2 protein chains.
Amino acid sequence: MAQEKITSFEVAKLAGVSQSAVSRFFTPGSSVSRKTADKVREAADTLGYRPNVLARSLITGRSRIIGLVVAYLENHFYPEALEKLSNALQAKGYHVLVFMASQTAGNIDSVLREILDYQVDGIILASVALSSELGGQCKAAGVPVVLFNRHQNDPTLTSVCSDNVAGGREVGRLLARAGHRRIAHIAGWEGASTQREREAGFLEGLRECGAELYAREVGNFAPESAREAARRMFDTGDRPDAVFVANDHMAFFVMDVLRFELGLSIPDDVSVVGFDDVPLAAWPVYALTTVRQRANAMVAETVSAMLAQIENPGTEPTQVSIEAPLILRSSARKPQARTD
Amino acid sequence: MAQEKITSFEVAKLAGVSQSAVSRFFTPGSSVSRKTADKVREAADTLGYRPNVLARSLITGRSRIIGLVVAYLENHFYPEALEKLSNALQAKGYHVLVFMASQTAGNIDSVLREILDYQVDGIILASVALSSELGGQCKAAGVPVVLFNRHQNDPTLTSVCSDNVAGGREVGRLLARAGHRRIAHIAGWEGASTQREREAGFLEGLRECGAELYAREVGNFAPESAREAARRMFDTGDRPDAVFVANDHMAFFVMDVLRFELGLSIPDDVSVVGFDDVPLAAWPVYALTTVRQRANAMVAETVSAMLAQIENPGTEPTQVSIEAPLILRSSARKPQARTD
DNA sequence: GTGAAAGCGCTAACAC
DNA sequence: GTGTTAGCGCTTTCAC
């Protein structure tokens, strides 16, 4: 253990200036004379001094820490989002404090409270809901919250999502126009806004084309649930000839059941469509037709919404919706007539 | 914006006790009388008070923040590790501040300096090397460092790795005993200890069984590099009949090239073995024979090594090596004679 | 432009 | 046990 902590006082002494001069030197806005700056820089370098962010935050009220709550990283969409979010925030001088929230509802509230203890400058909730009570508490503490890939019926909450309804609608149209007769849906967790919207759009798209839903099961966004849903749905005589699975992660498991357990051929026996466009969807082993969530755009919007709220506390909350294009691959039959 | 920040003074006033009583109530070790505790609890609850972790850390010198540096989350092994690490640390009252370090070497030093600014209690370097200069700096600052899935020739650094040599050796034996004649290797980034050890073990295993390496290419742990390596290696007359790819993530891309571009059959034309055993390796689309990195064990060792160093600064550094079992699936031929 | 002084919210001696 | 006091390392008035 060498010299432990070096303080601005030590630097000041060595540089022959006051401690506040040292502080000013390290504070972006402040003005220091060329000569002082040089002396401070040299002293700081020889001592290896760097300002203590925590002590600074105590007085400025800004920690430059953003709390990120994420439920699980198993679905490849989230690591990707986390990496991009962290990089984007890092570029703006912020850092991400991660909080894993187990699915259990009660847990998230306690997690949020822990976050607040760290005096974070903002909170990003990735695929996690916020109790209105906690939302109020964050607002009271003056901590901006942005919901990422989830939204709630609360106009005071800022959120960034794909246009799940439009995405679902495209899927409905695609499957109907491809001439499928028995079109099914494997839903995710029904408490999620993403699920409800994707399904609502999907049904709209079907209706628009004169089709209707033939079968429906729930997969809860979980592998085992999705597998079971697929087995229940397809292990019968009059099985569906197309299925929209609410996200890619479940779709992979569904495809595995169809191909390897049930011996079905995709897309000849059944078309499969997912949602997210995670990297694996593009790999030849799945070649999954899906709706792309534009992670870069979502992250950019999330970061800018967050910074806007931090820098200007009066900023109006916004609900951002990002266009989500349908990506055609070979897991689903192509439309027979190009109507649009 | 409601009442902004509530301080312990406000709580003290409402509870009719001194501010230090409030502090004691929230400090695990301290003793408060039952009566005072009740009064403080009530006042704190009605005010919604929670102690400011940052202010506390200023005086205790403990932030309960662990800095985690990770290069990229694309390889599924890392999100898994991150999730488990964060959960385990959270259970111990610590939280993870994430720092993404782009591969560039210079970057990691500046990232490390940023981490130190946050007065973290410890640093976990996941698959990232540490310049000895920086290592010294951490030591000077009294900040324990644990290398996760990487190690360096520095006995003063604590590290947690799989037994990569033994794992590689098993792969060498497997391929040799399965009767392969032209055994190849696609390496990851050669600067990584994991790569060097896996390959060294692999060559040992081959030699042991009287076999030798037939071809070698470098994939740098990167998808496109791995694909090109596979093309160079297999698009010839006398192509290898078995290949050990240095991690699963590259192995998937290699398999795709072999099967879909070159029309080879696995394992009939060529056996493929990976390293990591990420979830996807077990899926039927790959059924990859691989060496398992026991993420849970690695995380448990990492956390306990970290806590030991934090709680007891004199703790000797350790180099932990975790047994890494070979997992047999169908991407590689099984040994012809069971000798062991 | 610069230094002295006050204080961010808290914990840790120290007397009582 | 409890309150009083002195800082943790820093930023920020405020005179000069």
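Naming: A, B, ... by sequence-line order, numbering from 1 per chain. Quick note: numbers below take in every heavy atom, side chains included, and nothing from hydrogens, waters or symmetry partners. Just so we're clear, the structure is a prediction, and the values are computed from it rather than from any experiment.
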Side chains of B:Leu82 and B:Val70: does their closest heavy-atom pair fall under 4.5 Å?
no

Quick one, A:Leu14 and A:Leu47 - any side-chain contact, counting heavy atoms below 4.5 Å?
yes

For DNA chain D, which nucleotides open and close the run of contacts to chain A, 5' to 3', at under 4.0 angstrom from a non-hydrogen atom?
D:dG9 to D:dT13

Hey, can you pull the donor-acceptor pairs under 3.5 Å for the side chains in residues 34-43 of chain A, sequence neighbours left out?
| residue | atom | partner | partner atom | Å |
| --- | --- | --- | --- | --- |
| A:Thr36 | OG1 | A:Ser33 | OG | 2.7 |
| A:Asp38 | OD1 | A:Arg41 | NH2 | 2.9 |

Donor-acceptor pairs are to be reported for all side-chain atoms of residues 298-307 of chain B against protein atoms at under 3.5 Å, with residues two or more places apart or in another chain.
| residue | atom | partner | partner atom | Å |
| --- | --- | --- | --- | --- |
| B:Thr302 | OG1 | B:Met298 | O | 2.7 |
| B:Ser304 | OG | B:Glu301 | O | 3.4 |

End-to-end axis angle, where each axis spans five pairs of the helix from C:dG1-D:dC16 to C:dC16-D:dG1, to 10°
30°

Do B:Asn296 and B:Lys84 make a side-chain contact, defined as non-hydrogen atoms from C-beta onward lying under 4.5 Å apart?
yes

ring-ring contact (aromatic ring centres under 6.0 Å, His included) filter on A:Tyr118, not counting sequence neighbours, yields B:His95

Run the side-chain donor-acceptor check on residues 51-60 of chain B: report pairs under 3.5 Å with partners two or more places apart or on a different chain.
| residue | atom | partner | partner atom | Å |
| --- | --- | --- | --- | --- |
| B:Asn52 | OD1 | B:Leu54 | N | 2.8 |
| B:Asn52 | OD1 | B:Ala55 | N | 3.1 |
| B:Arg56 | NH2 | B:Phe26 | O | 3.4 |
| B:Ser57 | OG | B:Leu54 | O | 2.8 |
| B:Thr60 | OG1 | B:Arg56 | O | 3.1 |
| B:Thr60 | OG1 | B:Arg62 | N | 3.1 |
| B:Thr60 | OG1 | B:Arg62 | O | 3.4 |

Side chains of B:Gln319 and B:Ser159 only: does a donor on one sit below 3.5 Å from an acceptor on the other?
no

Is any side-chain heavy atom of A:Val143 closer than 4.5 Å to one of A:Leu116?
yes

For chain B, the stretch of DNA chain C it reaches, first to last nucleotide, under 4.0 Å of its heavy atoms:
C:dG9 to C:dA13

Does any part of the side chain of B:Thr194, heavy atoms only, come nearer than 4.5 Å to the side chain of B:Asn149, both counted from C-beta?
yes

Classify the side-chain pair B:Thr315/B:Gln309 by whether it contains a donor and acceptor separated by less than 3.5 Å.
no

Are any of the side-chain heavy atoms of B:Pro144 and B:Thr158 separated by less than 4.5 Å?
no

Could you list the residues that satisfy ring-ring contact (aromatic ring centres under 6.0 Å, His included) with A:His151, not counting sequence neighbours?
none

Kindly state which residues belonging to residues 13-26 of chain A come within less than 4.0 angstrom of DNA chain C, counting heavy atoms of the residue only, listed by number.
A:Val17, A:Ser18, A:Ser20, A:Ala21, A:Arg24

Mind checking what makes side chain to side chain contact (heavy atoms under 4.5 Å, CB included) contact with A:Asn87, not counting sequence neighbours?
A:Glu83, B:Met100

Which atom names give the shortest non-hydrogen contact between A:Pro317 and A:Leu157, and what distance separates them?
CB-C, 4.1 Å

For DNA chain D, determine which residues of residues 29-37 of chain B have any heavy atom closer than 4.0 angstrom to one of its atoms, and list them numerically.
B:Val32, B:Ser33, B:Thr36

B:Asp45, CG: over 12 other non-hydrogen atoms inside 6.0 angstrom:
yes

Below 4.5 Å, heavy atoms only, C-beta onward: do A:Ile66 and A:Val120 meet side chain to side chain?
no

Could you list by number each residue of residues 49-65 of chain A showing a heavy-atom separation from DNA chain C of less than 4.0 Å, or answer none if no residue does?
A:Leu58, A:Ile59

